[in-house]
Amino acid sequence: TAEEIRLVQQYDQAMMEDCEITYNGEAWTEGKLEETPPEDDSDANTILTLILKKRSETVVPIFKELVSVRTEIARENGYDNYVDYAYEELYNRDFTPGEVRALYPVIKDEISPLYMQAQLLFYTMESDDEALNQLTPGEEILDTIEPYIGQVHPALTEAFDYMREHHLYDIEKSDTKMSMGFTTALYSTGDAFIYNQPYGYYQDYWTMIHEFGHYNAAYHAAERCLYEPATLDVAEIHSQGLEVLFFDYMDDMFGENGKVLEMSSITNMLYAITDGFKYDEFQQTVYSNPDMTADEINELARRLEMEYSGLGTLGMDEVFEDADLYLYTWIMVNHTFQSPLYYISYATSAMSALDIWGESLSDRASAVEKYMALTAMGFNSSYKEALGESGLRDMLDAENIEALSSEIYTAIKEISSESGDIPDEFSGGQDSEATAGQPGNPDGLDPAAYAGIAAVLILCIAAGLMRKKRNKEE
């Protein structure tokens with residue numbers, strides 16, 4: 001409706017405007033914090049908290065109005081609440097909000113601790129930082145990827161060669177390009193085009209592999225995309241699934257840095273799962289209780305941040321109770337305002353991509369066959385339908401999530417044997433006997449170690465929020 005559009009535009013405008021606060025007598029903005037942060041990390045955390053708190057005073061009332069307007073839209077269309085309306089009418093999902101709600105505790109118990117493990121391993125792995133953190137020309141990235149495309153599956157070579165021959169991409173760094181990355185269909189020619197403004201470090205390789213997964217699906221689509229109702233839950237498996245099938249080549253492509261790049265992708269996918277469920281629970285709760293106050297909404301956000309962080313299983317709840325930053329981080333996620341109930345699609349696709357990886361560890365040929373079968377379906381298959389037809393597991397089944405958690409845990413342990421150690425105190429698919437005592441915290445371990453972990457997490461979240469200002473669509 002016009003009112004909904006107006007409110008979303010108000011949010012966009014409010015978030016684009018400079019927000020200045022004063023800390024210890026000095027004026028700070030997000031731009032200044034990002035470019036010249038204070039030496040003390042705790043000061044940076046406090047400054048970001050104050051900035052977000054000030055922003056929240058403007059945007060939380062906008063969000064409350066959006067909830068009210070959207071609730072009325074749902075009721076006018078015969079729905080009791082906006083959650084049911086969005087799942088069915090906006091996203092055409094073949095799974096219900098109730099099915100997702102039933103998985104919230106499973107994700108918190110199985111995937112969140114696993115994400116914490118992966119994150120800790122990734123940040124402690126040794127690497128050649130100079131080689132990883134430099135801008136690589138787009139054509140050089142394509143040259144590096146090309147020899148391995150056909151090794152995944154010969155059918156991918158046709159699409160890759162066609163893409164390069166006709167230069168259906170814009171992937172070089174430019175001061176005049178918008179900071180984002182995406183693949184868009186070219187309806188008249190029946191193929192697609194990849195756009196990316198590089199980050200300037202190793203993530204650009206993953207972005208190219210990811211976007212080519214989208215490109216390949218569009219290239220091989222039996223029908224023109226203009227007539228197909230794209231399902232994000234499936235489309236993102238096209239891209240993330242290709243990423244996991246490239247894990248086998250990371251050592252050949254990047255030598256000693258190969259495992260670092262592999263862990264970066266694994267960590268990002270686990271993050272997508274925890275974040276997807278976290279923001280779905282946040283929005284389902286608010287839209288099911290549209291009269292919640294601003295304070296109640298902010299406290300809900302902080303509680304969910306703790307529950308999905310993986311630190312809750314370590315008995316570190318007080319970290320979040322004492323950190324006001326977590327009251328306001330949710331306002332930085334523009335999907336919450338612009339595309340409500342959208343975020344769960346990042347989680348469903350990431351779980352299925354990791355399912356492909358899990359199978360590839362024991363039967364790569366079967367995993368590749370299932371991935372290629374899924375990409376050949378086009379864009380109009382619903383999530384569960386696509387999984388069933390391609391032979392992948394139903395990742396909205398709790399038992400399958402638990403099995404996947406165990407498989408990923410085993411794989412991460414294998415990576416850690418070459419690149420570092422994962423403390424046994426972090427559960428996530430491991431033997432329950434290894435975690436006797438407090439959940440996720442065996443008897444006799446030093447609680448001070450957890451305080452350090454929590455501090456690292458806070459700083460990582462703060463840094464991540466600043467990076468989110470770069471609106472990266474993939």
Side-chain angles (χ1 to χ4, degrees), residues 3-70 179 275 278-279 282-283 285-287 289-306 308-309 318-340 343 454-472:
E3 180 64 7
E4 182 181 16
I5 294 171
R6 183 186 68 81
L7 289 168
V8 171
Q9 291 174 339
Q10 278 189 8
Y11 165 78
D12 292 340
Q13 183 63 36
M15 295 302 289
M16 285 190 293
E17 292 175 353
D18 286 337
C19 182
E20 183 177 297
I21 59 94
T22 300
Y23 179 67
N24 287 344
E26 184 176 355
W28 289 90
T29 63
E30 287 160 306
K32 180 178 177 180
L33 179 60
E34 186 174 12
E35 293 171 6
T36 57
E39 292 185 5
D40 190 328
D41 291 331
S42 65
D43 285 338
N45 179 64
T46 300
I47 292 167
L48 180 58
T49 300
L50 292 172
I51 290 172
L52 292 184
K53 180 180 180 180
K54 186 173 181 179
R55 284 201 181 280
S56 74
E57 293 168 359
T58 300
V59 301
V60 175
I62 295 173
F63 179 64
K64 284 177 56 58
E65 284 191 68
L66 277 168
V67 171
S68 178
V69 168
R70 287 167 174 161
S179 295
D275 233 33
K278 176 180 68 182
Y279 283 112
F282 174 77
Q283 292 178 64
T285 302
V286 174
Y287 280 104
N289 301 276
D291 295 326
M292 290 178 68
T293 66
D295 287 344
E296 288 172 336
I297 292 171
N298 289 335
E299 286 294 348
L300 170 66
R302 174 157 58 182
R303 175 174 65 80
L304 294 178
E305 195 71 59
M306 181 274 292
Y308 282 96
S309 70
E318 70 276 6
V319 171
F320 295 85
E321 293 170 0
D322 297 336
D324 286 348
L325 173 65
Y326 301 104
L327 291 168
Y328 314 115
T329 52
W330 68 273
I331 70 172
M332 299 285 284
V333 182
N334 55 19
H335 295 70
T336 301
F337 295 79
Q338 300 166 351
S339 307
Y343 236 65
V456 169
L457 178 67
I458 290 175
L459 296 175
C460 288
I461 289 177
L465 284 168
M466 299 309 297
R467 288 195 299 271
K468 278 186 178 180
K469 291 188 67 180
R470 182 177 190 261
N471 182 23
K472 187 78 173 176

Would you name the heavy atoms of [X] and [Y] that are closest together and state the gap between them?
X	Y	value
Tyr328	Leu52	CB-CB, 3.7 Å
Cys19	Ile51	SG-O, 3.7 Å
Asp275	Lys278	OD1-NZ, 2.9 Å
Pro38	Ala44	CG-N, 3.6 Å
Ser56	Pro61	O-CD, 3.6 Å

Looking at [Y], is its backbone amide N or carbonyl O close enough to the side chain of [X] to form a donor-acceptor pair, meaning the two atoms are under 3.5 Å apart?
X	Y	value
Arg55	Ala14	yes
Ser339	His335	no
Ser68	Glu65	no
Lys64	Met292	yes

Candidate pair Thr329 and Met332, rule side-chain contact (heavy atoms from CB on, under 4.5 Å), full reasoning: CA-CA 6 Å; Thr329 52; Met332 299 285 284; 5.6 Å; no

Pair Leu325-Glu305, side-chain contact (heavy atoms from CB on, under 4.5 Å): steps then yes or no: CA-CA 10 Å; Leu325 173 65; Glu305 195 71 59; over 6 Å; no

With a 4.5 Å limit on heavy-atom distance, are the side chains of Glu4 and Leu7 in contact? no

May I have the step-by-step check of side-chain contact (heavy atoms from CB on, under 4.5 Å) for Leu304 and Tyr326, ending in yes or no? CA-CA 9 Å; Leu304 294 178; Tyr326 301 104; over 6 Å; no

Check each of Ile62, Thr336, Ile297, Val60 against Ile331 using the side chain to side chain contact (heavy atoms under 4.5 Å, CB included) test, and report the only one that passes. Val60

So, using salt bridge (Lys or Arg N to Asp or Glu O under 4.0 Å) as the criterion, who are the partners of Lys54 when residues are at least two apart? none

Taking atom NZ of Lys53 as the centre, does the number of heavy atoms from other residues, nucleotides or ligands within less than 6.0 Å exceed 12? no

Between Phe63 and Phe282, what is the ring plane arrangement, given parallel below 30°, perpendicular above 60°, and tilted in between? parallel

Ion pair present between Glu299 and Arg302, side-chain N to carboxylate O less than 4.0 angstrom? yes

So the ring pair (Phe, Tyr, Trp, His ring centres under 6.0 Å) pairs with at least one residue in residues 7-27 (sequence neighbours excluded) are Tyr11-Phe337

Derivation and outcome, side-chain hydrogen bond (donor to acceptor under 3.5 Å, both in side chains), residues Asp40 and Ser42: CA-CA 5 Å; Asp40 190 328; Ser42 65; 2.6 Å; yes

